[in-house]
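Worksheet: the structure to be examined is printed underneath.
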Amino acid sequence: MGIILDNLPKIERLPGGGIALTTADFLINWSRNSSMWPLTFGLACCAIEMMAAYASRFDFERMGVFPRPTPRQADVMFVAGTVAKKMAPPIIRIYKQMPEPKFVIAMGGCANCGGPFYDSYSVVKGVDRIIPVDVYIPGCPPRPEALMYAVIKLQQKIRLMKVKNGHGATPLQSAGARKLV
Amino acid sequence: MTAEEILTELQASFPGLAKSDAQVKDYPAWTVPAQSVRAVCERLRSKFSFDYLDVITAVDWSGQVNPKGYPQSLGQQGSEAAGQPDSQTAQPSSLIPHPSSFPQGRPAAQPAGARDIFELVYLVSALSTGVKICLRCEIPRKEPAAPSLYGIFMAADWQEREVYDLFGIHFEGHPNLKRILTPETQAGYPLRKDYEHVSDRYD
Amino acid sequence: MTQESSTALKTGQMFINFGPQHPSTHGVLRIALTVEGEVVVKADPDVGYLHRGIEKLFEARNYSQGLILTDRLDYVSAMPNNLAYCLAVERLAAVQPPLRAQYLRVMVSELTRIASHLVFFGTFSVDMGAFTPFLYAFREREMILDLFEMLCGGRLLYSYIRVGGVSADCPAGWEEKCGEFITFFKPRLKDYDTLLSFNPIFKDRTANVGRISAAQALSWGLSGPNLRASGPDYDVRKAEPYCVYDKLDFTVPTGKTGSCWDRYYCRMLEMGQSAEIVLQCLDALAGTACLPAGRELPPGEIMAKGVPKILKPPAGQAYAHIEASRGDLGFYAVSDGSPTPYRMHVRGPSFLNVAILQEILAGCKIADVVAVLGSFDIVLGEVDR
């Protein structure tokens, strides 16, 4: 513990040892962004790249990203693939089942805006029409590196969160950007 | 036994059976009257060891009638440019517009030979002899119905549900004919050429 | 206490929703299960959670734009989808791709088959509670993806096979890398056998589970390894050879009992055969294989001549089907002479493979549902289209 604490910013050790001072925001955000557990949840093509990110070469776990099969233990949802209209109600339900604070990464063109199915009769043109999205990744499908970059971006966002904004939300979220349909 | 021989033998009991004018490339195609589809398949299976049903699908031959509500995208622009020489590349004209800004209901030219029918297409094969036959069956677009192959080929179960879902063709005798792919909010039958998309809450 | 007292145990049927969000449905399949104790009484698969209306979208794209939609059908093995689509359109337009392109097509299809079966091997083992094989499978798969990236730039979805040929010839050094991969890969199959295939726990969970008879499999229209595990040796590569499969030497592995383990092991054996095919194709491309006189494969000759950018096939209909990684993949194409297809129907093998679940899951134990479903190796993109 001591070694880790010495390397962290914003931590002040009091002389005499045994006591370190820091802000609550820093400690909470630090623990949040170092273990982002996503939901094991794939929709379409991008899910295969998401699986590749968890597997041997990319090894997502070294970033603290470890898939959880139930939404009740997950912090972040990767919407990996096309959101069909039949799938929209389950996605909203899964999102509601996740505990706060929760984050959504829209992976790939389909989840961003419909992608190659932008004119289809049965595709939701972007998952942000049904749930709020924190990070968008372009690509069809994005490479595993892109997914990792999105997680890094999300970690940067988490570092801005403040407890006084309620539920640890970022300033924008506390202003009401979390309304559900 | 070749497809020709099977056809002559079957024609004795099914007079409506004939060779189709429109050929499916590389496979023999026959036209069958709708009411005898089931009987023909039953005979093919029991007597000529046709044990595998590849495909059931349908084609709407009414032409591109007023495709209102369905966005006309890049492909259709290509057809407007039909007079241009083939080698000319597609214009990178359009940054893809937002779906709501698509022109609604551009009247399309009726293709030659547009008819007011659905055509059901069955592909059946005998794996032991390697013969694959395409059965074609024309049914009217008004109250379209055909006998179900459920029970002869179980592969017909979901494929007929799919055709029902996307074309609205009723298969008589199917025990579980309900929508399979589209959501409950779906109105109309999407693969019909005159399908008009009704905006739902996710559009 | 008498039986009739209020505390007596009562049993009844229970309804379980399996999916659409469940780690072992491999996507967004939902199975409505009615169970009585541990035994499944009724299973009703519900599909359509990934329905994107691809068949309708084909009618709004021209033939080259339609190609990118085919990638997204069976996204775990995209190359064979491209191939089946191109074969159908080539039949419509009477285009004959050059021989070198055909060898390249066969080679990438077989490499994709290996990659796809590796994903099956990894995910099926995770379903059965073994995580380690997943890591090995994806290590090898990444090597194949590297080869594809060199070839066409894509990792997962390629659009490499085009109407009339392929989009690019092998870059310098590709053949050697591919040969190196096959030499590395072939001994790995033995590793997989020792790692998983004959593991007693794994065999107990999969052998004799979810058995399908040959007659059942044919009637339900199964294809690919799922059909061959039950006995029939129907393989489109042998039954109706397309491209250059009639010039290649390979066998079609079959199973006997049609159980989950047979379906699994058929795929394992198929990977070995695919590796052999790739080697034969590499020999042919390098010019060391015996080709008929005057049929050499000059580098760079990969596209048929005179294929216009906007293809307008004459009015007509064509059906082309191939042996994709999951079975008999067919495209039924109708042209009315315009630049867009009039109708394009996709016969997705997974669609028919899922349909049989309603019959064979009834009577299974609830823990076997995952084993049976995993052994079918379905891809929902192809089921829902």
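Within every chain, numbering begins at 1; the chains are lettered A, B, ... in the order of the sequence lines, protein sequences first and strands thereafter. Only this structure's heavy atoms are used, side chains among them; waters, hydrogens and symmetry mates stay out. Computed from a predicted structure; not experimentally measured.
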Is it the backbone or the side chain of [X] that comes under 4.5 Å from a heavy atom of chain A, or both, or neither?
X: C:Glu382; result: neither
X: C:Val47; result: backbone
X: C:Val119; result: side chain
X: C:Leu50; result: both

Among [options], which residue forms the greatest number of heavy-atom pairs with chain C at distances under 4.5 Å?
options: A:Ala47, A:Ala84, A:Ser56; result: A:Ser56
options: A:Val123, A:Thr70, A:Ile48; result: A:Ile48
options: A:Gly81, A:Pro116, A:Gly42, A:Pro90; result: A:Pro116
options: A:Ala55, A:Ser122, A:Pro71; result: A:Ser122

Which region of [X], side chain (C-beta onward) or backbone (N, CA, C, O), has a non-hydrogen atom less than 4.5 Å from a non-hydrogen atom of chain C, or is it both or neither?
X: A:Ile91; answer: neither
X: A:Cys110; answer: neither
X: A:Ile94; answer: side chain
X: A:Ala52; answer: both

Report task. Specify which of C:Arg30, C:Arg155, C:Arg139 makes the most heavy-atom pairs with chain A at under 4.5 Å. Result ->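 Top count of heavy-atom pairs under 4.5 Å with chain A: C:Arg155.
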When you check the gap from the basic side-chain N to the acidic O, do [X] and [Y] get nearer than 4.0 Å?
X: C:Arg188; Y: C:Asp191; value: yes
X: A:Lys102; Y: A:Asp134; value: no
X: C:Arg326; Y: C:Asp377; value: yes

Nearest heavy-atom pair of [X] and [Y]: which atoms, and what distance?
X: C:Pro45; Y: C:Leu357; result: CG-CB, 3.9 Å
X: C:Leu73; Y: C:Ile54; result: CD2-CD1, 3.8 Å
X: C:Arg267; Y: C:Ser375; result: NH1-O, 3.0 Å

Requested in this report: Check whether any side-chain N or O of C:Arg205 sits under 3.5 Å from a backbone N or O of C:Ala367 as a donor-acceptor pair, and report yes or no.
Outcome: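 Side chain of C:Arg205 to backbone of C:Ala367, a donor-acceptor pair under 3.5 Å: yes, one is there.
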Query raised in the report: Would you find a donor on one side and an acceptor on the other, under 3.5 Å apart, between the side chain of A:Asn29 and the backbone of A:Ile158?
Result: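 Yes; at least one donor-acceptor contact below 3.5 Å.
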Query raised in the report: With distance as the sole criterion, is a donor-acceptor pair present between the side chains of C:His117 and C:Tyr264 under 3.5 Å?
Result: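 Per modelled atom types, C:His117 and C:Tyr264 side chains form no pair under 3.5 Å.
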